[in-house]
Amino acid sequence: MPLVEIMSEYDSGDDLFDGICTPTNEEQQPGKRKQSEDEYGDYDDALEEIASAKRPRLDSANSEDKSVSKVATAILAEKFGYESFRHEQEGAINAILRGDNALAIFPTGAGKSLCYQIPAIAFERLDLLDGSRGAGQHGITIVVSPLIALMKDQVDALKKRGIPADCMDSTKTWPEQQAISAAMRDGQLRILYCAPERLNNEGFVEIMKCVRGGVRLVAVDEAHCVSEWGHSFRPEYLKVARFVDEINAERVICLTATATPKVADDICKAFNISKSAVFRTSPYRPNLELEAMAVKSKQDKYPLIFDFLRKHPGPTLVYVTQQQQAVTMASDLKKQKFNASAFHAGMKVEQKTQVQDDFMANKVDIVVATIAFGMGIDKPDIRNVIHFDLPSTIEEYSQQVGRAGRDGKPSSCMYYMCPEDFPLRENFARGDLPSKSSLHSLLKDIFSDEVVKLREGEVFKMSHYEQSREFDIRQSPLNVIYATLELRFGLIRAITPEYSEYKFVASPTYYRLVHTDKSPEGAAIFKWAKKAQKWYKIDPTYIASSTGLRRMDIVRRLQQLHDQGALELKAGGVEPRYRVLKALPKTKKAIDELVDKVYKDLEKKEQDALRRMQEVVNLMTGKRCFASALAAYFGMDLPGDKQKCGHCTFCRTGKAVVLPPRPPEHVDIQKIKAVLQACDVRDDPRFLARVAFGIKSPRVTKLKLDKSPVFMSLSDHSFEALMREFTRACAGPK
Ligand SMILES: Nc1ncnc2c1ncn2[C@@H]1O[C@H](COP(=O)(O)OP(=O)(O)OP(=O)(O)O)[C@@H](O)[C@H]1O
């Protein structure tokens with residue numbers, strides 16, 4: 001029975017691997033990262049620094065290329081039942097088996113997984129061929145992927161094919177974790193999947209340094225997240241590069257469906273990949289008709305969509321931005337006698353599974369979905385993809401249209417665009433930038449008097465949840481800020497997080513065990529657990545400090561009791577912990593400087609998001625074939641040096657799509673006054689602008705302003721104009 005977490009799906013791990021295995025000498029950790037000399041270098045420096053640490057190229061697969069190819073092809077047939085490799089798969093696999101680092105940029109569904117699954121199996125065979133390693137010494141492949149649900153599917157599929165694979169995530173029971181560790185120690189496991197958050201677990205990193213036979217390959221899925229230029233930059237990904245280094249992995253393969261030339265460069269830099277080991281498959285799909293039509297208002301889109309669907313039967317995805325929109329649009333379609341269902345992340349798991357299954361089985365024709373739909377969906381005969389709203393980036397557009405026509409048959413992709421699409425997108429793009437004063441208060445809170453007194457190596461805890469609420473900063477930028485302090489400034493390092501709350505319901509076995517459990521941890525649990533009505537509450541940190549026992553042993557005993565059915569344990573309140581790496585900023589000047597630098601980064605991210613949205617519009621309204629513009633964005637041409645696809649809107653009409661002009665800029669002073677009346681905040685113009693524009697934030701929710709009629713009352717205004725007005729209002733008398 002997996003341990004239930006109260007608050008989040010955070011892949012904490014708590015103490016999962018702590019103390020299982022530690023390297024015994026320096027040689028076992030040759031990849032240890034040196035600290036940056038330049039305290040304030042930018043991410044580029046971080047990328048270079050991580051990549052520059054020398055990684056040994058242990059060319060244990062030093063067989064001839066021919067035998068490498070033979071082994072790979074044999075595994076493809078035996079284990080996966082396919083006759084030949086697709087596109088660039090073979091090149092990428094051979095590079096890996098030769099001992100190189102590689103980057104595979106293949107569109108969705110092109111077969112990236114085999115690029116690491118085949119090497120993971122091939123190492124053993126090649127080792128035996130060249131006699132370089134004995135039994136059990138073949139090491140493992142680690143796959144770092146942010147998509148926990150997909151990892152589980154992949155593990156199940158691999159196990160069915162007789163390939164020893166597993167996945168280390170927070171739903172694993174204690175015995176399951178131990179079984180995985182034992183399999184790694186014995187050299188039995190070939191592939192281990194984990195989420196990037198797992199790499200914050202120090203015990204996990206330690207065990208990976210001394211896995212039997214070593215880590216032969218690290219596969220980094222969704223590798224574009226490592227790049228600031230990528231559409232979904234996740235600073236956590238820079239930790240993957242550091243991890244590869246620290247565990248001294250033999251080689252790396254990075255995989256992504258979408259990488260512009262700049263993003264590819266960043267990935268290569270971070271993971272030390274040479275240009276010759278970049279394998280790219282064109283995203284161009286000759287059977288897709290890329291179309292766009294401009295209309296005046298959102299309302300105008302409905303009859304057009306109904307008409308389109310009548311003329312283009314077949315499985316269809318309609319992408320919208322908001323969850324509520326998915327529900328209303330599905331219901332509108334049903335009223336028009338279409339067989340449609342909604343799909344969004346807010347639905348219950350069973351409902352989502354049902355919609356997916358029905359769509360796969362052709363029991364539902366149309367799914368109206370948010371971005372949440374599509375990952376891992378491999379339906380070959382999707383005939384249409386309709387965009388009701390503006391996609392946030394060209395990458396997102398490309399991935400979503402890429403779900404159509406995988407069977408190679410003609411398929412239509414239509415975007416109905418109008419000026420009303422912009423505020424919604426802008427809302428998302430602007431939601432993450434906190435006000436500068438919020439950032440200032442946050443950094444003062446992180447580097448409090450108590451924390452700055454800590455010496456190098458000492459550890460402190462911070463509640464992201466509390467900080468997000470107190471300083472009005474969303475979780476995602478908060479994570480970016482912490483990662484910046486870690487990776488760019490080298491001040492702190494995230495380590496294994498802890499749960500702050502444990503509670504349990506006791507079963508009769510628990511009471512029987514009270515009298516027989518002689519372990520000090522068991523005795524401490526029985527003594528210190530406090531019963532409320534139904535639940536016992538227990539604080540392992542407090543018990544540890546009062547008894548001298550180790551916190552992790554107490555938590556482990558709790559988990560064992562849970563696994564034995566003696567109690568039903570729930571853990572919650574993930575508390576990230578950080579180790580101090582160097583002297584922390586103490587003075588006002590030092591904090592101010594840090595605030596300036598971090599804020600500049602955050603502002604740039606906002607501008608990037610706005611620019612990316614505009615790029616989608618440019619592609620659709622440009623005087624160029626859509627398919628060739630799309631390929632060019634990813635640094636490629638159409639095949640055979642063609643300039644035109646021949647069937648996109650531009651190719652068919654020879655004219656650019658013209659978007660009706662946005663309404664002229666005006667400021668509704670009455671509405672501005674209404675916002676100022678509804679909320680008495682005068683210390684933060686950005687906050688007021690957000691309320692008026694309709695952007696939620698922790699403070700907006702706390703003050704219940706999202707329920708107020710003024711919320712979103714000025715969403716048709718430009719955000720800059722709102723900022724100007726509210727800055728003036730905040731500066732003047734109340
Ligand atoms: N050489 C091949 N021959 C035939 N089928 C293949 C081959 N390689 C992969 N496939 C199949 O193609 C499908 C898609 O593969 P996979 O899931 O690896 O794609 P992907 O590139 O990872 O896509 P995504 O970006 O959606 O994760 C799978 O069913 C896989 O088994």
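Everything quoted here is computed from the prediction, not taken from an experiment. All ligand and atom numbering here is 1-based and tracks the order in the structure.
Taking the side chain to side chain contact (heavy atoms under 4.5 Å, CB included) definition, one finds that Asp365 meets it with Asn339, sequence neighbours left out.
In this structure, of Phe80, Tyr116, Tyr82, the residue bringing a heavy atom nearest to atom 4 (C) of ligand 1 is Tyr82. Evaluated by nearest non-hydrogen atom to atom 12 (O) of ligand 1, the leading choice among Glu90, Gln154, Arg86 is Arg86.
Distance alone, capped at 3.5 Å, places no donor-acceptor pair between the Ser398 side chain and the Ile394 backbone.
On a distance-only criterion, Ala257 and ligand 1 share no N/O pair closer than 3.5 Å. Taking distance alone, with nitrogen or oxygen atoms compared against 3.5 Å, Gln89 approaches ligand 1 more closely than that limit.
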Using distance only, find each side-chain donor-acceptor pair of residues 85-92 under 3.5 Å and give its atom names and separation, not counting sequence neighbours.
{"from": "Arg86", "atom 1": "NH1", "to": "Gly109", "atom 2": "O", "distance (Å)": "3.2"}
{"from": "Arg86", "atom 1": "NH1", "to": "Ala110", "atom 2": "O", "distance (Å)": "3.4"}
{"from": "Gln89", "atom 1": "OE1", "to": "Arg86", "atom 2": "N", "distance (Å)": "2.7"}
{"from": "Gln89", "atom 1": "NE2", "to": "Gly111", "atom 2": "O", "distance (Å)": "2.8"}

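Ser227 has its side chain out of reach of Lys262: every pair of non-hydrogen atoms, C-beta onward, lies at least 4.5 Å apart.
When the options Ile253, Val71, Leu217 are evaluated for a side-chain contact (heavy atoms from CB on, under 4.5 Å) with Pro119, the one that passes is Leu217.
For ligand 1, the atoms closer than 4.0 angstrom to any heavy atom of Ser113 are 16 (P), 17 (O), 18 (O), 22 (O).
Of all the heavy atoms of Glu83, none lies under 4.0 Å from any atom of ligand 1, so neither backbone nor side chain is involved.
A salt bridge links Asp265 with Lys275; the closest basic N to acidic carboxylate O contact falls under 4.0 Å.
Contact analysis puts Phe85 in contact with ligand 1, with a non-hydrogen atom separation below 4.0 angstrom.
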